[in-house]
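Reviewing the structure listed below.
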There are 2 protein chains.
Amino acid sequence: MNKKQLIAKLSGSLNLSKADAERTFDTITNTILEALKGDDSVKIAGFGTYKVAKRKARVGRNPRTGEQIQIAASQKVKFLPAKALKEVFNR
Amino acid sequence: MNKKQLIAKLSGSLNLSKADAERTFDTITNTILEALKGDDSVKIAGFGTYKVAKRKARVGRNPRTGEQIQIAASQKVKFLPAKALKEVFNR
DNA sequence: TTACTATATGCAAAAACTGCATACCCCATT
DNA sequence: AATGGGGTATGCAGTTTTTGCATATAGTAA
């Protein structure tokens, strides 16, 4: 399912125009992003937690040439599924 | 930030009551979950992709006792941040 | 059409996972 | 509003899993 299809579904179940559904959706993702930018994690009960994970610098490799490359430290957004979410998929 | 705080923020920016903001939010997460249950991944451009990752059974270990343990196969929801999302945190 | 995303490659090192106790913070119920 | 219970974070070690490097292409999405 892609974003367009998701918006279409939401438009139906939320009884909103597609444009409004999309605005609503974007507002939510942006709010989550803003919180994460402020170095805060976002916990959503029954769904999961978004947090910014810091990754250390390390040695990588160019798969084409085999050449070693230094990879800088970085950050990425991690999503940890809530317990309830795991259970849905493990029964 | 927890769900309650997120809902409060959304209530403001979406100009909805907190109850409506929560219903809207829950509808979205449920829609995503339903899609994932159907073994589908959910791609949201500019944000990320949710997908169900299947993990094979394997041998683990109790870190306290060192004892070997059989770990059953399982599934978990994985979130892969979109390119744009990574860039936000790596500049 | 333009932009993004998945894939595929080899490989080193980071990170996740396991059980379990403790501490803590939410959340729902009283 | 207060309280109890439950989910979640943490730390531990060792093995498994994931990550992410360059880059072109194919497929998909905006």
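Scope of the values below: all heavy atoms of this structure, side chains included, with no hydrogens, waters or symmetry mates. Here is the naming used below: chain letters follow the sequence lines, and residue numbers restart at 1 for every chain. Just so you know, these numbers come straight off a predicted model, no measurement behind them.
- Here dC26(C) is the nucleotide among dT18(C), dC26(C), dT5(C) with the atom lying nearest to any side-chain atom of Asn2(B).
- Residue-level contact check: Gly66(B) touches neither bases nor backbone, having no heavy atom under 4.0 Å from any strand.
- When the side-chain nitrogen and oxygen atoms of Lys4(A) are compared with OP1 and OP2 of dA29(D), none of them lie within a distance under 4.0 Å.
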Filtered N/O pairs between nucleotides 10-16 of chain D and protein, under 3.5 Å:
unit_1  : atom_1 : unit_2   : atom_2 : d
dG11(D) : N2     : Arg64(B) : NH2    : 3.1

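- Residue-level contact check: Lys43(A) touches neither bases nor backbone, having no heavy atom under 4.0 Å from any strand.
- Within the nucleic acid shown, Ala82(A) comes within 4.0 Å of sugar-phosphate atoms alone, with no base atom in reach, counting heavy atoms only.
- A sub-4.0 Å separation between OP1 or OP2 of dT18(D) and a side-chain N or O of Lys78(B) is absent.
- Among the nucleotides dC21(D), dT19(D), dA6(C), the one closest to any side-chain atom of Ile69(A) is dC21(D).
- Within the structure, every side-chain polar atom (N or O) of Ser41(B) is placed at least 4.0 Å from both OP1 and OP2 of dA6(C).
- Along DNA chain D, the nucleotide closest to Glu87(A) and the one closest to Ser74(A) are compared, and the more 5′ of them pairs with Glu87(A).
- Taking atom CG of residue Asp40(A) and atom P of nucleotide dC25(C), one finds them 13 Å apart after rounding to whole Å.
- Rounded to an integer number of Å, the gap from Arg55(B) CZ to dA15(C) P is 16 Å.
- Looking at heavy-atom distances under 4.0 Å, Lys76(B) makes contact with sugar-phosphate atoms alone, never a base.
- Residue Ala45(A) has its side chain nearest to dC27(C) when only dC27(C), dT19(D), dA30(D) are considered.
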